[in-house]
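Proteins come first, then strands; the chains are lettered A, B, ... in the order of their sequence lines, and each starts at number 1. Just so it is clear, the values below take in all heavy atoms, side chains as well, and ignore hydrogens, waters and symmetry mates.
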2 protein chains.
Amino acid sequence: MTSAQPTPDNGSPVPKPRPSTIEDVAREAGVSRAAVSKVIRNAYGVSERMRTQVEAAIERLEYRPRVAARAMRGASFTLGFEIPQVGNDFLTMIVDGATEALAATPYQMIIAPLGREQKSDVAINSLADRQVDGIVAIAPRVDPAWLERIAERTPLVMIGRHDRSDRYDTITGDDRSGAEQVMSHLIELGHRRIVHLTIHPSRPEPPWAGQAGDEPHVIRTAVYRERMLALGLEPSVIHTLFDGSEAHEVTRALLDSPEPPTAIFAGNDTLAIGILSAIAEAGLDERDVSVVGYDDVPIARHPLVSLTSVDQDGVTMGREAARLLLERLAGRTTAVQLENAPRLHERRSSARPRRP
Amino acid sequence: MTSAQPTPDNGSPVPKPRPSTIEDVAREAGVSRAAVSKVIRNAYGVSERMRTQVEAAIERLEYRPRVAARAMRGASFTLGFEIPQVGNDFLTMIVDGATEALAATPYQMIIAPLGREQKSDVAINSLADRQVDGIVAIAPRVDPAWLERIAERTPLVMIGRHDRSDRYDTITGDDRSGAEQVMSHLIELGHRRIVHLTIHPSRPEPPWAGQAGDEPHVIRTAVYRERMLALGLEPSVIHTLFDGSEAHEVTRALLDSPEPPTAIFAGNDTLAIGILSAIAEAGLDERDVSVVGYDDVPIARHPLVSLTSVDQDGVTMGREAARLLLERLAGRTTAVQLENAPRLHERRSSARPRRP
DNA sequence: TCCCTCGACTGAATCCTTTCAGCGCCCTCC
DNA sequence: GGAGGGCGCTGAAAGGATTCAGTCGAGGGA
């Protein structure tokens, strides 16, 4: 990065123009503050004449309501999304779906991304502190009881985990079915040495004690184990970090081992992409090592990648999450659980093994 | 998505527990509100004894300051990022860099994503309304004068565009140099029929009148034109939407044309990925049509993709953007311009043409 | 001993919006 | 013609933090 070029300070300290307030608008329009407030919020009890007057004043003064002040008594018109990994395209799909669903509403979406070493609760707390009107948490690694405490104050939709609650809504994919489809597919192709590579489950430590079994990845792993054992095969599970680079390293080591797998079932597509890169670098292809991912992110469809993957329709999940929050804000108090049916898309990355 | 399973309302309307306020903490610790405030903000004039007392009370009451209330008089400890396209991995890199830079600070980052049809100003306004302490805008398609008005009130860093301002800081890549590298590379490989496929520039309409020339993509296009004309070749520029799918369609049509190009210079990697998919689907490869992208997103390095691309180090841009904002918040009033030097990474996607 | 200074702490004002109780006024209905 | 009700609007309180001017007490210097 080239050295900075500071522009000379022109001496005159620019006086910050005070942005206009609802008070200014009221004075300008010759009405009370309360009246202006009603116009803004489209509330009941506003004559046509006053509406046009106030709107004109708002226009003239370029008035914009301060969200902070609104939040103190009313609503912030903001929905917060906790996103565990910004670069993950599955999460992007969720955001896309939600953006679309929110487009015609007065609600603005904000995203609190998780830092590399940050925990979910930091981001969720940060959203709650900002008094968002609703929160979407994606497979958060926190204690369900803690989540319920948050949900007591702020409508919350949790995407991914399979625990249920009366307090918050959940949206899940049927991870059992998805993983079954993957395993059936690989087994039918004739694979026997199948490795499962996935992310670390949340550690079973307080305050999040031993509930990891509800996490999507953990369920997929369980299905993998069952199916392997049912065939009298030895399961082999490897855990890595979220980011695909460790998956890449691990795969490279696997390929160098005396008896490398003929197939790898990846916990998600981000990992699968990392795995594919190691296989390609080694000069191998799908008939040496097949790979199946999970999420069906856009790049999986790309003909150069052509990754077999489980589609769980993240866009719909995001859209539904937004809808559920809006419903809650409109008054619903009962909890809702949605589950969608995943579907395996078979592509080039999975094939019959060259030698079983 | 499977039908909803409403949990039965258990009748007892749960009384929302009132979260504790600074008042409660003050009472609990036997001090004044102002004292608690000072402890929280690490302000001057706090004895060791009082600090420990107050901190204990905060702990006991699980007190968390309300950002909305803080924002009304002080700071919101929030930095806002306007992101024009959530799925774009270059923008993800910027966010990653910024997240890292902010990790050790009390500042939390929030992202305002742009909807499909939304304009930059909506997202930027929305951040300003939320009284974030600073804003990062990425190649926003708004009038520079408008941006300066925002910057009068809130420190602002603009990434991408090449216009300068005394009011806000800018971070750019040297797009001229980057585009020169691309064109030199393609020409040296022997390409002559080179098409440039890029995104639509902002329309030269009020309130953003005819300043599109400062946009990174427009500069890259200008360089392309110059180099083609210098060789006596006819430039051919095609504009598409942000998203790679239209690039895919357009490329397919190009390949079917009587005299298809031997190389395509893509305005960014997202487009390049879309172009590559059309080429691969047509059963062609880099010796039929070479492709060069811009941004060097992570997937470009993937051996299955191996896209030649210009690296402008988005992670550093994000980190620097965060740093510049923190500097402003610490008191700097002069504007700073940073520019980094892009570097072309040659990969498999660009090769000598099979027949020139 | 008295005055002054300085550090630690407090009380009250302030930020901007929503909400709620209440007040005229006009219309309708009996 | 009076009661009642609905509509349109207002004034003031409330919400939770920061900030500023000031108070108090201890310690130092003359």
Side-chain angles (χ1 to χ4, degrees), chain A residues 16-55 57-58 61-78 106 128-133 153-154 329, chain B residues 16-55 57-58 61-78 106 128-133 153-154 329:
Chain A
K16 292 201 182 190
R18 194 181 58 82
S20 47
T21 72
I22 201 171
E23 174 87 56
D24 302 327
V25 175
R27 200 171 20 237
E28 173 85 7
V31 297
S32 72
R33 280 208 302 273
V36 178
S37 175
K38 285 212 242 181
V39 171
I40 294 170
R41 290 172 298 121
N42 244 315
Y44 173 81
V46 176
S47 66
E48 199 47 49
R49 202 174 57 84
M50 189 175 82
R51 148 159 280 113
T52 55
Q53 253 176 39
V54 169
E55 279 172 352
I58 288 178
L61 271 51
E62 301 188 347
Y63 167 73
R64 297 188 60 89
R66 292 262 236 295
V67 172
R70 307 184 85 167
M72 291 216 50
R73 283 196 62 85
S76 62
F77 296 99
T78 309
D129 294 345
R130 278 167 184 74
Q131 279 170 272
V132 294
D133 297 332
R153 310 217 176 100
T154 309
L329 293 172
Chain B
K16 293 199 181 188
R18 193 180 58 82
S20 47
T21 71
I22 202 171
E23 174 88 56
D24 302 327
V25 175
R27 200 170 21 238
E28 172 85 6
V31 298
S32 71
R33 282 209 303 272
V36 177
S37 175
K38 286 213 242 179
V39 170
I40 295 170
R41 290 172 298 121
N42 244 313
Y44 173 81
V46 177
S47 66
E48 200 46 49
R49 203 172 58 84
M50 189 175 81
R51 148 158 279 111
T52 56
Q53 251 176 40
V54 169
E55 278 171 352
I58 288 177
L61 270 51
E62 301 188 346
Y63 167 74
R64 298 188 60 90
R66 292 263 236 297
V67 173
R70 307 184 84 168
M72 293 219 45
R73 282 195 64 84
S76 63
F77 295 100
T78 308
D129 294 345
R130 278 166 185 74
Q131 280 170 272
V132 294
D133 297 332
R153 309 217 177 99
T154 309
L329 292 172

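The nucleotide whose nearest atom lies closest to any side-chain atom of B/R41 is, among C/dC9, D/dT19, D/dG11, D/dT19. In this structure, of D/dT19, D/dT10, C/dT17, it is D/dT10 that holds the atom nearest to the side chain of A/A35. You'll find that the side chain of B/A34 is closest to D/dT19, out of D/dT19, D/dT18, D/dG16.
B/I22 places its CD1 atom 13 Å from the C1' atom of C/dT10, with the value rounded to the nearest Å. Rounded to a whole Å, the CZ atom of A/R153 is 12 Å from the P atom of D/dG16. Atom NZ of A/K38 is separated from atom C1' of C/dT17 by 15 Å (rounded to the nearest Å). Per the geometry, CZ belonging to A/R27 stands 14 Å off P belonging to D/dT10, to the nearest Å. Across the protein-nucleic acid pair, A/R51 atom CZ and D/dC9 atom P stand 11 Å apart, rounded to whole Å. Atom pair B/E48:CD and C/dG7:P shows a separation of 17 Å (rounding to whole Å applied). Taking atom CD on A/Q131 and atom C1' on D/dA17, their separation rounds to 11 Å, with Å as the unit. Here the P atom of nucleotide C/dT14 and the CZ atom of A/R18 are 14 Å apart, to the nearest Å.
Put simply, A/R73 has no side-chain N or O that comes within less than 4.0 Å of OP1 or OP2 on C/dT18. Between B/R70 and D/dT18, a side-chain N or O to OP1/OP2 separation shorter than 4.0 Å is present. When the side-chain nitrogen and oxygen atoms of B/Y44 are compared with OP1 and OP2 of C/dC6, none of them lie within a distance under 4.0 Å. OP1 or OP2 of C/dC15 has not a single side-chain nitrogen or oxygen of A/T21 nearer than 4.0 Å.
In this structure, A/P19 and A/R66 have side chains that are in contact, with non-hydrogen atoms separated by less than 4.5 Å. Using a 4.5 Å heavy-atom threshold, the side chains of B/I40 and B/R70 count as touching.
Nearest approach of B/M72 to A/A68, heavy atoms of both residues: CG-CB, 4.3 Å. Counting all heavy atoms, side chain and backbone alike, B/V36 lies closest to B/I22 at CG1-CG1, 3.5 Å.
Between the side chain of B/S76 and the backbone N or O of B/Q131, at least one donor-acceptor pair lies under 3.5 Å.
Nucleic acid contact class of A/V36 (heavy atoms, under 4.0 Å, all strands): none. No contact: B/V67 has no heavy atom under 4.0 Å from any strand. Residue A/S37 is classed as a base contact, given a heavy-atom separation below 4.0 Å to a base.
Between B/S47 and A/A69, the one whose closest nucleotide on DNA chain C sits nearer the 5' end is B/S47. Mapping A/G45 and A/R33 onto DNA chain D by nearest heavy atom places A/G45 at the nucleotide closer to the 5' end.
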